[in-house]
Every structure is written in structure tokens, then in C-alpha cells.
Number of protein chains: 2
Amino acid sequence: MDNKKIEKISRALSDANRIAILQQFKKKKDCLYCAEVNDLLDLTQPSVSHHLKQLVDAELLLPQKEGRNLKYVLNQQVLDEYIACLTELKD
Amino acid sequence: MDNKKIEKISRALSDANRIAILQQFKKKKDCLYCAEVNDLLDLTQPSVSHHLKQLVDAELLLPQKEGRNLKYVLNQQVLDEYIACLTELKD
DNA sequence: CTTATACATCGAAATATTTGAATATTTAAA
DNA sequence: TTTAAATATTCAAATATTTCGATGTATAAG
């Protein structure tokens, strides 16, 4: 993972709303629907869409269309790689 | 570690210059001097000072004065706690 | 085919971040 | 005690991010 990617993922994680989205996966084990995120956050739909886009662009979330709905799953591999880079900082 | 802290650390990590500073510890194993960071980055002294402040405010770096000089050490404990929070996201 | 639902995009305002010139502060050296 | 060196602070400009209203697009339902 290069520094540009580390920077992008870090930026995606640097917002309270986006952290809340990711933590919601702990409660809804496998996946989260876009509509559920709209209910979770105290923001308008375009703002939620913006935050989800940051997480998808960082590849922390993988989107899957289901008709009119959008389902997200956590990208554990990218998260693992990011954690590995941080672990390397510790020598 | 609460979400505010996760947010602050993530933001501190979301900049190419600050990532470069942290990675420099891999080469200079124990500590880094402020002057070394000024040499490392292609920025003016006030800008470097700003970036170091972000890292210190996030407690990723611990500053130690040495006369006129300033020495930084990596705060491995905070880094470990941050990594632990990210690991928890994976269920 | 028309309408409703789910989500995305655009545009603009508000806010935050990054940067550097100028200057201040602290401490060591002369 | 004057001067020089290392770092911090202030201020303003440039840029980026966040937010939301308005609107667009895709798909399902009637």
C-alpha cells in the first residue's frame, strides 16, 4: 500500500459520521444498506451519500446494487493492509 | 479510545508530509529532531512546525526539549490503541 | 406509461486546512 | 550582554471539505 492510499484511507477515517458508519457494521454483522445509514446519521440524504462516497473511494466499503437499493460490505482486506502499514511504523 | 480521538489521529495521518515524518522513524530508529524534519520536507519552517503540531496534538509524537532543539519520539502506545480500534471494526 | 422510491450529482455557502512571510520567543554562544 | 540559532506564533491567502436545497437518474410498483 503506497502513501497516497494511506493518506486517502486516513482521510476517510477522519470524520465522526464516517467512523459511526464503519462501527455500525459491528452491530449489523455482514452488511449495511444505504437506507440504514440515512437513518443512522443526523444528516440529509445528499450528505450521507457524500460520506459513503468517501468510504467507497477509499475502498473501505464495497457497494453492491440490489435493484433500487444499495448494500455495502466492509472491505476487510483493505482494512488489514492499512493496519499492517501502521504496524510497520512501530519498527 | 473514544471516537473523537480516533478522528483526531486519523486526521493527523491524512497528510503526505505527516506520513513521511512518521515513516522517517523507521530509518532513524529511536528519535527525530525538528531540524531533521525541516530538512526532510520541502516546506518552510512554519509549515513543518504546523505539521509537527498536528502529530503532537494527536499524541502520535512526544516532544522533548533539548536546549534549543526539539526531539520527538514515536508514541507507540497511542499507535497501538489506534490499531486496536481499527482491528475491532473487523468484528 | 405514470408515479413513487432510492440514490447520485450539482451548485453554493459555511467551515476547516495548508501554506508561507513576518515576527516573536527561547536558549546557546560569543 | 549582544548576537545567532532553533522553534513557535500570527496573519492572510489559497485550497479543500462539509453541508444542504434543488434536481437528475435508475428502477420498481401501480
Side-chain angles (χ1 to χ4, degrees), chain A residues 3-25 28 30-75, chain B residues 3-25 28 30-75:
Chain A
N3 283 6
K4 270 288 167 222
K5 186 76 186 179
I6 296 175
E7 187 182 337
K8 189 156 201 171
I9 292 174
S10 300
R11 190 168 297 278
L13 293 171
S14 71
D15 177 276
N17 294 301
R18 296 192 293 263
I19 291 169
I21 293 171
L22 293 176
Q23 287 174 338
Q24 194 64 8
F25 280 91
K28 304 283 301 177
D30 45 346
C31 69
L32 251 192
Y33 282 87
C34 186
E36 292 181 293
V37 181
N38 275 296
D39 291 343
L40 175 69
L41 302 180
D42 193 21
L43 289 173
T44 60
Q45 179 268 322
S47 295
V48 172
S49 188
H50 162 75
H51 288 299
L52 285 168
K53 188 175 184 336
Q54 308 307 306
L55 292 170
V56 170
D57 286 353
E59 295 181 285
L60 285 166
L61 294 187
L62 299 170
Q64 292 174 226
K65 280 201 84 169
E66 278 191 357
R68 284 186 295 196
N69 302 324
L70 196 38
K71 182 166 87 173
Y72 294 99
V73 296
L74 200 58
N75 190 343
Chain B
N3 282 8
K4 271 286 167 223
K5 185 76 186 180
I6 296 174
E7 187 182 337
K8 188 155 201 171
I9 293 175
S10 299
R11 189 168 298 277
L13 292 171
S14 71
D15 177 275
N17 293 300
R18 296 193 291 263
I19 292 169
I21 293 170
L22 293 176
Q23 287 174 338
Q24 194 65 7
F25 279 93
K28 305 283 301 177
D30 44 348
C31 68
L32 251 192
Y33 283 86
C34 184
E36 293 180 292
V37 181
N38 276 295
D39 292 342
L40 175 69
L41 303 180
D42 194 22
L43 290 173
T44 60
Q45 179 269 321
S47 295
V48 172
S49 187
H50 162 76
H51 288 301
L52 284 169
K53 188 175 183 339
Q54 307 308 306
L55 292 169
V56 170
D57 286 353
E59 295 182 285
L60 285 167
L61 293 187
L62 299 170
Q64 293 175 227
K65 281 202 85 168
E66 279 191 357
R68 283 187 297 197
N69 302 324
L70 196 37
K71 185 166 85 172
Y72 294 98
V73 297
L74 200 59
N75 190 344

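Numbered from 1 within each chain, the chains take letters A, B, ... in sequence-line order. The structure displayed is predicted, hence computed values, not measured ones.
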>> Does this structure show an ion pair linking A:E7 with B:R18, if we count only N-O contacts that are shorter than 4.0 Å?
In response: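 No, no charged N to carboxylate O under 4.0 Å.
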
> Does a side-chain N-to-carboxylate-O contact under 4.0 Å join B:E59 and B:K8?
Replying inline: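 Here B:E59 does not pair with B:K8 in a salt bridge, since their nearest N and O are not under 4.0 Å apart.
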
Rounded to whole Å, please give me the gap between [atom1] in [X] and [atom2] in [N].
{"X": "B:D39", "N": "D:dA5", "atom1": "CG", "atom2": "C1'", "value": "14 Å"}
{"X": "A:H50", "N": "D:dT17", "atom1": "NE2", "atom2": "P", "value": "8 Å"}
{"X": "B:L55", "N": "C:dT18", "atom1": "CG", "atom2": "C1'", "value": "14 Å"}
{"X": "A:Q54", "N": "D:dT19", "atom1": "CD", "atom2": "C1'", "value": "12 Å"}
{"X": "A:N38", "N": "C:dT5", "atom1": "CG", "atom2": "C1'", "value": "12 Å"}
{"X": "B:K71", "N": "D:dT7", "atom1": "NZ", "atom2": "P", "value": "13 Å"}
{"X": "B:E66", "N": "D:dT7", "atom1": "CD", "atom2": "C1'", "value": "14 Å"}
{"X": "A:L41", "N": "D:dC20", "atom1": "CG", "atom2": "P", "value": "11 Å"}

>> Is it true that, when you exclude B:D42 itself, more than 12 heavy atoms of the residues, nucleotides or ligands shown sit nearer than 6.0 Å to its CG?
In response: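 Open: at most 12 neighbouring heavy atoms sit under 6.0 Å from CG of B:D42.
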
Could you check whether any side-chain N or O of [X] sits under 3.5 Å from a backbone N or O of [Y], counting only pairs where one atom can act as donor and the other as acceptor?
{"X": "B:N38", "Y": "B:C34", "answer": "yes"}
{"X": "A:S14", "Y": "A:R11", "answer": "yes"}
{"X": "B:S47", "Y": "B:L43", "answer": "no"}

> Across the strands shown, which category fits A:H51 at heavy-atom distances under 4.0 angstrom: base, sugar-phosphate, nothing?
Replying inline: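 The answer is sugar-phosphate, as A:H51 gets under 4.0 Å only of primed atoms, P, OP1 or OP2.
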
>> What's A:L52 touching, base or sugar-phosphate or nothing? Going by heavy atoms closer than 4.0 Å.
In response: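 Nothing, no nucleic acid heavy atom in range.
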
Does [N] have its OP1 or OP2 closer than 4.0 Å to a side-chain nitrogen or oxygen of [X]?
{"X": "B:S49", "N": "D:dA8", "answer": "yes"}
{"X": "A:N69", "N": "D:dA28", "answer": "no"}
{"X": "B:S47", "N": "C:dT18", "answer": "no"}

>> For the CG atom of B:L40 and the CD1 atom of B:I21, what is their distance to the nearest 0.5 Å?
In response: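 Answer rounded to 0.5 Å: 7.0 Å.
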
> From the list D:dT19, C:dT19, D:dT18, which nucleotide is the closest neighbour of the side chain of B:R11?
Replying inline: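 Comparing D:dT19, C:dT19, D:dT18 against the side chain of B:R11, the answer is D:dT18.
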
> If you check every side-chain atom of B:D15, which of C:dT18, D:dT7, C:dA8 has the closest atom?
Replying inline: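 Nearest to the side-chain atoms of B:D15, counting from C-beta on, is C:dT18.
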
> Can you give one letter per nucleotide of nucleotides 22-27 of chain D, 5' to 3': B if a protein heavy atom sits under 4.0 Å from the base, S if only from the sugar-phosphate, - if neither?
Replying inline: B---SB

> B:Y33 or A:L43: which one's nearest nucleotide on DNA chain D is closer to the 5' end?
Replying inline: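 Going by which nucleotide is closer to the 5' end, it is B:Y33.
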
